[in-house]
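Below you will find the structure I want to go over with you.
Naming: A, B, ... by sequence-line order, numbering from 1 per chain.
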Protein chains: 2
Amino acid sequence: MLTPIDQLALERAPTFREAAYHAIKQAILNGSLESGQPLVEERLAEMLQISRTPVREALAILEHEGLIAPVYRRGLFVCKLTREQVIELFTANEAVEPFLARRAAHYASPEQTVALESAIRDGEACAERNDIAGFLRAGRIFHAGIGRAAGNLTLARFVERNEERVDLFLMGYRKAVDVEMMRTSNREHRAIYRAIVQRDPDAAARLSIYHLQSVRERFAALVGDDDRDDALPLDN
Amino acid sequence: MLTPIDQLALERAPTFREAAYHAIKQAILNGSLESGQPLVEERLAEMLQISRTPVREALAILEHEGLIAPVYRRGLFVCKLTREQVIELFTANEAVEPFLARRAAHYASPEQTVALESAIRDGEACAERNDIAGFLRAGRIFHAGIGRAAGNLTLARFVERNEERVDLFLMGYRKAVDVEMMRTSNREHRAIYRAIVQRDPDAAARLSIYHLQSVRERFAALVGDDDRDDALPLDN
DNA sequence: TATCAGTTTATGGTATACACAATGCTCACA
DNA sequence: TGTGAGCATTGTGTATACCATAAACTGATA
């Protein structure tokens with residue numbers, strides 16, 4: 001997984017750098033690039049059928065975003081976040097998401113609510129066929145969609161990046177994710193969605209908070225207290 | 001302003017890319033790189049005494065952060081934000097900063113409060129000698145310091161980036177910034193600081209909200225209703 | 001088995017080349 | 001004097017080749 005950059009990719013991203021950035025990020029979040037092995041520039045360039053130059057620039061950005069981390073002169077590795085870092089990300093989202101849900105209930109346009117619905121449906125379909133990566137991706141789209149509907153691109157992107165990093169962590173536990181977890185999450189998404197459609201800001205914010213707590217609990221159930229400290233201390 | 005990368009710069013940033021990133025960002029926020037003229041890679045490389053490659057990588061990151069924006073095959077330009085974008089940034093910070101101030105009042109360590117105090121003092125000194133760029137920089141350090149004291153690096157960095165973009169905008173109006181404005185802002189910072197030191201989370205949050213509203217008002221007074229729409233529609 | 005030297009690998013950086021796009025300039029022409 | 005076509009210039013976006021460095025691997029030797 002990490003196919004050559006074709007015409008289609010270039011239509012969405014004007015430059016090779018951008019296309020490579022998206023392709024590599026996708027591959028990381030799909031789990032196609034396993035987090036143990038290093039990302040070798042030349043290999044990536046070969047896979048994408050481009051030269052090292054735009055690959056390096058894409059990697060520089062991904063590094064800055066905290067998805068990959070360099071070990072000096074040893075290579076770039078997909079980040080292994082610690083539990084503490086993930087909890088920090090949860091906290092960050094808790095500060096922001098209820099705020100966004102509230103505003104989304106105020107401002108969401110019809111097209112935006114349609115986008116939310118389709119993200120939920122996508123998530124549901126992925127859950128049923130046990131496609132973890134797809135389920136997580138749909139979740140990111142849903143949360144980012146709320147941000148957009150709230151009319152604040154800055155916060156929307158912030159949440160999206162946080163979700164990406166959380167999902168990256170969760171992919172490491174994907175064997176432990178079961179269908180029921182995903183279904184629960186989807187139900188909560190749908191509840192938030194309904195509150196937004198019904199223009200009920202208080203409910204949207206409340207349900208958003210509930211969802212985040214619920215996610216935290218599922219996270220604790222997944223990760224538990226096991227002190228698997230194989231995580232590299234890589235705080236980009 | 002944009003001196004060659006020396007030993008000192010390399011000590012703080014391990015690679016040329018990182019050093020270039022910091023140097024260029026500094027120059028932009030100092031106002032040394034005027035926002036009208038393009039940032040020419042080769043010129044920057046020459047000034048920093050390095051080759052184009054690390055400069056390009058640094059620029060790719062700055063572009064991704066929304067401080068500079070490319071015009072396809074015409075060059076990179078320092079972003080000119082619109083009023084609407086700045087207001088979006090204010091809103092984002094309003095969602096986050098009271099949250100951080102509250103937590104900082106809980107968790108701030110002695111070293112962290114010392115850092116806050118020194119940032120405030122720096123801001124005061126800059127205000128008296130009418131050093132706008134320095135005053136803004138001190139403000140960024142103060143706000144980022146609260147984020148760090150709150151124990152959430154993710155949110156701290158988010159606020160810091162937002163402040164950077166706001167300050168970039170404000171530098172465009174630096175002729176209109178007067179000492180009294182800066183003094184007012186500094187007083188508000190000091191009030192937040194006191195609440196944090198006195199371990200009064202409610203007061204810290206309240207004063208943080210007050211400060212943000214006050215900043216917004218000063219912003220409106222500065223920018224007013226004048227429809228100077230010379231701003232490029234550059235939303236990175 | 002343990003150690004040490006040589007080989008391999010891949011980054012971080014330099015340098016160069018070139019297509020393409022946009023801009024500016026020149027100069028002929030009206 | 002004013003206009004416009006064509007050319008030169010500029011600078012990005014990408015490719016390519018090369019090097020120093022440092023870590024990892026390999027294998028020979030004691």
Donor-acceptor contacts under 3.5 Å from residues 12-21 of chain A side chains, at least two apart:
residue : atom : partner : partner atom : Å
A/T15   : OG1  : A/E18   : N            : 3.2
A/R17   : NH1  : A/E57   : OE1          : 3.2
A/R17   : NH2  : B/E63   : OE1          : 2.8
A/Y21   : OH   : A/K25   : NZ           : 2.8
A/Y21   : OH   : A/E65   : OE1          : 3.2
A/Y21   : OH   : A/E65   : OE2          : 2.6
A/Y21   : OH   : B/H64   : NE2          : 3.3

Query - Whole-Å gap separating C1' (C/dT9) and CZ (A/F77) - result: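 Taking CZ of A/F77 and C1' of C/dT9, I get 12 Å after rounding.
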Report task. Could you tell me the separation between the CD atom of A/E57 and the C1' atom of D/dA15, rounded to a whole number of Å? Result ->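 The distance from CD of A/E57 to C1' of D/dA15 comes to 12 Å, rounded to the nearest Å.
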**Report entry** Main-chain N/O of A/G66 paired to A/R165 side chain as donor or acceptor, under 3.5 Å
**Finding:** yes
Requested in this report: Classify the angle between the aromatic ring planes of B/F169 and B/F219 as parallel (below 30°), tilted (30 to 60°) or perpendicular (above 60°).
Outcome: tilted
Query raised in the report: What is the distance, rounded to the nearest whole Å, between atom CG of A/L59 and atom C1' of C/dG13?
Result: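 Distance check: A/L59 CG to C/dG13 C1' gives 16 Å.
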Query raised in the report: Sub-3.5 Å donor-acceptor pair from the side chain of A/T91 to the main-chain atoms of A/I87, do we have one?
Result: yes
Report task. Could you list the residues that satisfy salt bridge (Lys or Arg N to Asp or Glu O under 4.0 Å) with A/E88, not counting sequence neighbours? Result ->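 Once residues adjacent in sequence are excluded, A/E88 has no partner under the salt bridge (Lys or Arg N to Asp or Glu O under 4.0 Å) criterion.
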Query raised in the report: So how far is it from A/L155 CG to A/N93 CG, rounded to the nearest 0.5 Å?
Result: 10.5 Å
Query raised in the report: Does anything in residues 2-23 of chain A reach DNA chain D, meaning a heavy atom under 4.0 Å, and if so which residues?
Result: A/T15, A/F16, A/R17
Query - CD (A/E46) with more than 12 external heavy atoms under 6.0 Å - result: no
Report summary line: So, with a heavy-atom separation below 4.0 Å from DNA chain D, the residues of residues 47-55 of chain A are A/I50, A/S51, A/R52, A/T53, A/P54
Query raised in the report: Okay, side chain of A/R121, backbone of A/S118: is any donor-acceptor separation there less than 3.5 Å?
Result: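 Flag not set: sc A/R121 to bb A/S118 has no pair under 3.5 Å.
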Query raised in the report: What nucleotide, of C/dT11, D/dG13, C/dG13, holds the atom closest to the side chain of B/E41?
Result: D/dG13
Report task. For B/Q85 and B/T82, indicate whether the former's side chain and the latter's backbone hold a donor-acceptor pair under 3.5 Å. Result -> yes
Query - Pair of N/O donor and acceptor under 3.5 Å linking C/dG13 base with B/R56 side chain - result: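 No, the side chain and the base share no sub-3.5 Å donor-acceptor pair.
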Report task. Look at all strands and tell whether A/L39 reaches a base, only sugar-phosphate, or nothing, counting heavy atoms closer than 4.0 Å. Result -> sugar-phosphate
**Report entry** d(CD1, A/I61; C1', D/dG13) in whole Å
**Finding:**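 Rounding to the nearest Å, CD1 of A/I61 and C1' of D/dG13 are 14 Å apart.
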Query raised in the report: For A/E42 and D/dA15, what is the distance between atoms CD and C1' respectively, to the nearest whole Å?
Result: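 It is 12 Å, rounded to the nearest whole Å.
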Query raised in the report: Salt-bridged, B/E163 to B/R140, with N to O below 4.0 Å?
Result: no
Requested in this report: Please identify each residue that fulfils salt bridge (Lys or Arg N to Asp or Glu O under 4.0 Å) with A/R148, with sequence neighbours left out.
Outcome: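 Applying salt bridge (Lys or Arg N to Asp or Glu O under 4.0 Å) to A/R148 gives none.
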Check: protein-nucleotides 23-25 of chain C nitrogen or oxygen pairs below 3.5 Å:
none

Report task. Give a yes/no on whether any side-chain N or O of B/R43 is located under 4.0 angstrom from OP1 or OP2 of D/dG11. Result -> yes
Query raised in the report: When the distance from CG of B/L76 to P of D/dT10 is rounded to whole Å, what number comes out?
Result: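 Result: 19 Å.
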